[in-house]
**Q** 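The structure under discussion is supplied below as structure tokens; questions concerning it will follow.
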There are 2 protein chains.
Amino acid sequence: MNIAEMLRTNGYKVTPQRLAVYEAINHNTTHPNAESIYKQLQPNYPSMSLATVYKTMEIFAKIGVVRVLQCGEDSHRYDYKTASHAHIRCVKCNQVFDVNIEQEPLIREAERQTGFSIDDMNLSFIGVCKDCQEKE
Amino acid sequence: MNIAEMLRTNGYKVTPQRLAVYEAINHNTTHPNAESIYKQLQPNYPSMSLATVYKTMEIFAKIGVVRVLQCGEDSHRYDYKTASHAHIRCVKCNQVFDVNIEQEPLIREAERQTGFSIDDMNLSFIGVCKDCQEKE
DNA sequence: GTGCGTGCAAAACCTTTGCACATCG
DNA sequence: CGATGTGCAAAGGTTTTGCACGCAC
């Protein structure tokens, strides 16, 4: 199902802005925040507002098109990969990368310990990436 | 080493405000944010300002007296347990609890995959606690 | 007495909201 | 044409900062 169908199926209208935001994040591995998506779209969509990026992201998150990440920063980042997975951020260059760590066993263990019914989890690491280590 | 020595050793002055904030968080298992520490101190320290709570927490985090948590909310929470450990938050009652999950193996695996030198990690779960499940 | 700490208010930052206008269906 | 979406500006929530005064040392 493409993004237009995805929106329509969920009762949302298909607009140029929504398609543009989708293009900006789809297969975008940089884990951008709202501001950088906004800046990325500025040249081709000068009328696009930051508020529209936020509103669109809220919808995309709701219908499962993006995932919202907290990587120890003030702003949220967005990931087109919607399956929950770990992230790692470099404190020097601020890039965020994926990490493959199985999350199911962690969720089961947390549920066992606490009796919670778990909806979601967030696993992120912070450190210095290889490139930045070499630059020192 | 008590908090007064801890402050002096690190070149900070010992003030009634800092001691009061320390009392408020030491062995406080509720993982409070700045606002709730401020409110907790209000009755006994009416002149204490929220800015002082923030400034004090910044120092405490720097000298290893508290740990800053991000549990998927807008505000930061503070934990007197400074050894990195996992947390779980209930979306209904907003309480945060500790979870015992070994983090060293996760850090080693993330370092192996990415070549990062890891300084810190954050593992948090979100769901519905046992009490809130039963209330439904 | 000197320099650091406090409290206030203002600013900064990210995100959300209200509203008039535009546009999708 | 009606309901939903957009863009702007303003407001909201959290955290930081500038500055005059006060207190630790």
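On a predicted model such as this, the values are computed, not experimentally measured, just so you know. Within every chain, numbering begins at 1; the chains are lettered A, B, ... in the order of the sequence lines, protein sequences first and strands thereafter. Keep in mind that the numbers below use all heavy atoms, side chains included, and drop hydrogens, waters and symmetry copies.
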**Q** Please give, in whole Å, the distance from C:dT6 C1' to B:Leu19 CG?
**A**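 It is 14 Å, rounded to the nearest whole Å.
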**Q** Distance check needed: D:dT15 P versus B:Met57 CE, whole Å only.
**A**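 Spelled out: CE on B:Met57 to P on D:dT15 is 11 Å.
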**Q** Looking at the side chain of A:Arg18, which of D:dG5, C:dC24, C:dG7 is the nearest nucleotide?
**A**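 Selected nucleotide (nearest to the side chain): D:dG5.
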**Q** Drop me the distance from A:Leu7's CG to A:Lys13's NZ, to the nearest 0.5 angstrom.
**A**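 Going from CG on A:Leu7 over to NZ on A:Lys13, the span is 12.5 Å.
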**Q** Nearest heavy atom decides the nucleotide; on that basis, is B:Lys13 or B:Tyr54 closer to the 5' end of DNA chain D?
**A**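 The residue closer to the strand's 5' end, by nearest nucleotide, is B:Tyr54.
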**Q** Measure CG/B:Leu41 against P/C:dG7 and give the value in whole Å, please.
**A**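 Rounded to the whole Å, the gap is 11 Å.
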**Q** Where the side chain of B:Tyr12 is defined as all heavy atoms beyond and including C-beta, which of C:dG5, C:dC14, C:dT6 is the nearest nucleotide?
**A**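 Nucleotide nearest to B:Tyr12's side chain: C:dG5.
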**Q** A:Lys62 NZ to D:dG5 C1': how many Å, rounded?
**A**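 Spelled out: NZ on A:Lys62 to C1' on D:dG5 is 14 Å.
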**Q** Given D:dG7, is OP1 or OP2 found less than 4.0 Å from the side-chain N or O atoms of A:Gln17?
**A**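 Checking A:Gln17 against D:dG7: at least one side-chain N or O falls below 4.0 Å of OP1 or OP2.
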**Q** Quickly work out the B:Tyr45 OH to C:dT6 C1' distance and round it to whole Å.
**A**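 Result: 15 Å.
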**Q** Check B:Asn100 against A:Gln113 and note the closest heavy-atom contact, atom names and distance.
**A**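 Reported closest heavy-atom pair: O-NE2, 2.6 Å.
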**Q** Does the side chain of B:Gln103 pick up a donor-acceptor pair with the side chain of B:Ser84 at under 3.5 Å?
**A**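 Yes.
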**Q** What integer distance in Å separates B:Phe60:CZ from C:dG5:C1'?
**A**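 After rounding, the gap between these two atoms is 13 Å.
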**Q** Would you say B:Thr15 places a side-chain N or O within less than 4.0 Å of OP1 or OP2 belonging to C:dT6?
**A**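 Affirmative; the distance criterion is met.
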**Q** With a 4.0 Å cut-off on heavy atoms, is A:Pro16 in touch with a base, just the backbone sugar-phosphate, or nothing at all?
**A**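 Answer is sugar-phosphate: A:Pro16 comes under 4.0 Å of backbone atoms only.
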**Q** From the options D:dT14, D:dG5, D:dC8, select the nucleotide whose nearest atom is closest to the side chain of B:Asp74.
**A**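 Per side-chain heavy atoms of B:Asp74, the pick is D:dT14.
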**Q** With a 4.0 Å limit, can you tell me whether A:Thr52 has a side-chain N or O closer than that to the phosphate oxygens OP1/OP2 of D:dT6?
**A**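 No.
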**Q** If each of A:Tyr38 and A:Gly11 is mapped to the nucleotide of DNA chain D with the nearest heavy atom, which maps nearer the 5' terminus, i.e. the 5' end?
**A**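 By nearest-heavy-atom nucleotide position, the 5'-most residue is A:Gly11.
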**Q** Flag yes if more than 12 heavy atoms outside B:Glu102 fall under 6.0 Å of its CD atom; otherwise flag no.
**A**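 No, CD of B:Glu102 has 12 or fewer neighbouring heavy atoms, counting only those of other groups under 6.0 Å.
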**Q** Is it the case that one hydrophobic cluster holds both B:Phe97 and B:Val66, taking links as side-chain heavy atoms less than 4.5 Å apart, direct or via other members?
**A**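 No, because B:Phe97 and B:Val66 fall into different hydrophobic clusters, even though each may have its own neighbours under 4.5 Å.
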**Q** Return the value, rounded to whole Å, for the distance between atom CG of A:Leu50 and atom P of D:dA10.
**A**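 After rounding, the gap between these two atoms is 16 Å.
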**Q** To the nearest Å, give me how far apart NE2 (B:His76) and P (C:dC13) are.
**A**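 That distance rounds to 15 Å.
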**Q** When you get a sec, tell me which of D:dA9, D:dT6, D:dG5 is the closest nucleotide to the side chain of A:Lys55?
**A**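 Between D:dA9, D:dT6, D:dG5, the one nearest the side chain of A:Lys55 would be D:dT6.
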**Q** Given D:dT14, C:dG7, C:dT15, which nucleotide is nearest the side-chain atoms of B:Ser75?
**A**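 Within the option list, the nearest is D:dT14.
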